[in-house]
Amino acid sequence: MTKLQKELPNAKILIISPNPVANGKTENSLVLNYSDYIQASERVIKTNKWTYLN
């Protein structure tokens, strides 16, 4: 992301939420589900003040 911001300072970069690939309650081998990934993504995006579409 830093490289994009540096090389394209006037570009509007939008980040979208991860795409669900299975039932939102199904856990993977790390015992994480789709909702866990959404929440983690939102925290990183908000911390960096990026534009986010869910």
Side-chain angles (χ1 to χ4, degrees):
M1 184 60 93
T2 303
K3 184 175 180 178
L4 285 172
Q5 290 171 324
K6 181 180 176 185
E7 306 236 351
L8 302 167
N10 297 321
K12 183 79 169 177
I13 300 168
L14 304 174
I15 301 170
I16 60 171
S17 60
N19 194 15
V21 292
N23 179 333
K25 297 178 183 179
T26 303
E27 295 177 341
N28 63 13
S29 62
L30 299 174
V31 194
L32 299 171
N33 61 34
Y34 176 67
S35 179
D36 295 326
Y37 284 98
I38 291 290
Q39 292 171 10
S41 297
E42 287 176 347
R43 282 193 301 272
V44 171
I45 291 164
K46 287 178 183 178
T47 298
N48 288 288
K49 299 179 181 174
W50 296 333
T51 304
Y52 178 65
L53 301 172
N54 186 358

Rounding to 0.5 Å, atoms CD1 (I13) and CD (Q5) come to a distance of 5.5 Å
query: Going hydrophobic residue to hydrophobic residue with side-chain gaps under 4.5 angstrom, can you get from L32 over to Y34?
result: no
Determine whether a donor-acceptor pair (N or O, by modelled atom type, separation under 3.5 Å) exists between the side chain of N48 and the backbone of I45. no
Query - Minimum side-chain heavy-atom gap W50-L14 below 4.5 Å - result: no
**Asked** In terms of hydrophobic clusters joined by side-chain contacts under 4.5 Å, are V44 and I15 together?
**Response** yes
Residue set satisfying side chain to side chain donor-acceptor pair (under 3.5 Å) with Q39, at least two apart, ordered chain then number -> S35
Nearest heavy-atom approach of V31 to D36 is O-OD2, 4.1 Å
